[in-house]
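Report on one structure; see the data block that follows.
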Amino acid sequence: MEKRKLGNSDLMITTVSLGTWGIGGDYFGDADEKAAIDALRAGVDNGINLIDTAPVYGRGRSEEIVGKAIQGGYRDKIVLATKCGLMRRAEEYYMCSDPFYLRDGVEGSLRRLGADVIDLMQIHFPDPVCPIEDTMNELMKMKQEGKIRYIGVSNFSIEQMEAAKQCGEVVSLQPKYSMIDREIDDEIRPYCIKENIGILTYGSISGGILTGKYQTLPEKSLTENRWQFYKGFSEPGFSQVKKLLETVEQVGQEIGKNATDVSIAWVTHREGVTTALVGVKSVKHAIANAASGEVILTAEQVDRINKAYNEIFNQ
């Protein structure tokens, strides 16, 4: 699988990476720990070299599972990425990048991951209260102490990235981005290209709606909340996605691939994208997602998908 340099760091990242939001077990339905560990290892065994997690995924459960998965020699094969600055109380999330809580959070992540250093520490969401100078100063201290190697951000605007850069390094941005979630295309993606900030996309298959597995609108479930986060899980988004998938599946038939492969490949073919994060819960999915990193789309096929998207979503 192709590897790309992450921004101005020395990290070389495969075009498809392992996302672990789902294995936390509290947003995308229940998750089996052994199956998750096997899936993560299968992804690495099949060429993927980055695992991304966060302490709020399952209240630390995701990090603990990743920590177990990277034992036995796997730690040396991967780039380990996690996040800080987002806390959870009961079912409420709130941003907190205060230096004291930030350091406590990083120490907790290191402990749960069973790691000596985190390769990429990302500020999960911008804190509207704590000055970014305080946050970045603390992260730069922990970098100097050898606890983290590089600093990135997630869900930041251009203005927020600019402010963070004034106080330290920002090698990457992790935004929501997929064939149907294109909000960063107008300004943020061009900015990242110009400033050499690597992009790790989450929601690369929009919570699974771009796999084509849903023939009817799935019912809202008490055990998962993806419908709150991805527009394809409600109307009119679902009907629009179904229409777009006709073109996606046609392209897939031309190259002998399925809708998931094409949807992931569309993301990795976008200028500025370093890697597409894709969640896995099973060995089968991990192997399939790794293989999607080898999929090549022609310029004509990408243009055809984009034309269909514009006709369906921008009426």
Side-chain angles (χ1 to χ4, degrees), residues 1-20 43-44 47-55 63 66 70 74-85 97 102-103 105-106 109-110 113 115-126 132-133 135-158 160-177 184 188-202 204 267-278 293:
M1 192 187 309
E2 178 191 354
K3 291 182 180 179
R4 298 171 180 170
K5 192 168 181 286
L6 183 68
N8 59 5
S9 75
D10 66 355
L11 300 175
M12 296 299 295
I13 309 298
T14 50
T15 54
V16 174
S17 297
L18 294 162
T20 64
V44 176
I48 294 175
N49 82 336
L50 182 139
I51 300 177
D52 176 83
T53 185
E63 285 189 329
V66 170
I70 64 176
Y74 280 87
R75 176 65 184 97
D76 295 336
K77 299 178 181 180
I78 66 155
V79 173
L80 182 59
T82 190
K83 305 178 189 73
C84 60
S97 293
L102 201 68
R103 179 170 288 271
V106 172
S109 290
L110 286 166
L113 291 165
D116 296 324
V117 61
I118 292 164
D119 298 312
L120 179 64
M121 176 57 71
Q122 304 153 99
I123 305 173
H124 207 150
F125 279 91
I132 190 64
E133 295 89 345
T135 299
M136 292 301 294
N137 287 342
E138 190 65 23
L139 287 173
M140 292 300 287
K141 285 181 185 177
M142 287 189 279
K143 179 182 178 180
Q144 293 170 358
E145 294 166 7
K147 298 180 187 297
I148 59 180
R149 292 184 63 199
Y150 291 102
I151 300 166
V153 297
S154 180
N155 302 298
F156 269 48
S157 68
I158 291 175
Q160 290 161 341
M161 283 188 278
E162 277 290 311
K165 283 172 56 185
Q166 297 303 312
C167 313
E169 68 174 25
V170 176
V171 304
S172 64
L173 169 70
Q174 186 175 148
K176 180 166 66 171
Y177 189 57
I184 69 168
I188 291 177
R189 187 167 63 88
Y191 169 83
C192 289
I193 294 170
K194 176 177 176 290
E195 297 296 321
N196 193 24
I197 294 173
I199 297 176
L200 305 88
T201 66
Y202 72 85
S204 304
V267 174
T268 63
H269 280 60
R270 301 296 277 176
E271 184 183 3
V273 171
T274 306
T275 188
L277 290 163
V278 187

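Quick note: numbers below take in every heavy atom, side chains included, and nothing from hydrogens, waters or symmetry partners.
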For the residue pair T82 and M121, establish whether any side-chain heavy-atom pair is separated by less than 4.5 Å. yes
Derivation and outcome, side chain to side chain contact (heavy atoms under 4.5 Å, CB included), residues R149 and L11: CA-CA 10 Å; R149 292 184 63 199; L11 300 175; 3.5 Å; yes
Could you report the tightest heavy-atom contact between M1 and T14, atom names first, then the distance? SD-CB, 3.5 Å
Set of residues satisfying side-chain contact (heavy atoms from CB on, under 4.5 Å) with respect to S172, sequence neighbours excluded: L6, L120, L200
Going by heavy atoms in the side chains, are E162 and V170 under 4.5 Å from each other? no
For E169, give me all partners under side-chain contact (heavy atoms from CB on, under 4.5 Å), at least two apart in sequence or on another chain. M140, K143, Y150, I151, V171
V273 and Y177, any side-chain heavy atoms less than 4.5 Å apart: yes
Considering all heavy atoms of both residues, which atom of L102 and which atom of C84 are nearest to each other, and what is their separation? CD1-SG, 3.5 Å
Out of I51, L80, V66, V44, which one pairs with Y74 under the side-chain contact (heavy atoms from CB on, under 4.5 Å) rule? V44
Heavy-atom check, side chain of V153 versus side chain of I197, under 4.5 Å: no
Could you check whether any side-chain heavy atom of I118 comes within less than 4.5 Å of a side-chain heavy atom of K147, counting everything from C-beta outward? no
For F156 and F125, work out which heavy atoms get closest and say how close. CE1-C, 3.8 Å
So, do Q174 and L277 sit near enough that their side-chain heavy atoms are less than 4.5 Å apart? yes
Only residue of T274, N49, T275, L50 satisfying side-chain contact (heavy atoms from CB on, under 4.5 Å) with K3 is N49
Interatomic distance, CD@E133 vs CD@Q166, rounded to 0.5 Å, equals 9.5 Å
Below 4.5 Å, heavy atoms only, C-beta onward: do T20 and D52 meet side chain to side chain? no
Please give me the minimum heavy-atom distance between A164 and I132, naming the atom from each residue. CA-CG1, 3.8 Å
Sub-4.5 Å side-chain heavy-atom contact between K141 and R103: yes
I48 CD1 to T15 OG1 distance, which is reported to the nearest 0.5 Å: 8.5 Å
Strictly by modelled atom types, are S109 and E63 linked by a side-chain donor-acceptor pair under 3.5 Å? yes
Rounded at 0.5 Å granularity, tell me how far CG in D10 sits from CG in D119. 9.5 Å
CD1 of I188 to CD of Q160, rounded to nearest 0.5 Å, is 9.0 Å
Quick check for you: to the nearest 0.5 Å, what is the distance between I78 atom CD1 and I70 atom CD1? 4.5 Å
I'd like to know if the side chain of K83 and the backbone of T53 have a donor-acceptor N/O pair within less than 3.5 Å. yes
Which value, rounded to the nearest 0.5 Å, describes the distance between S97 atom OG and L139 atom CG? 7.5 Å
What pair of heavy atoms forms the shortest contact from C167 to A163, and how long is it? SG-O, 3.5 Å
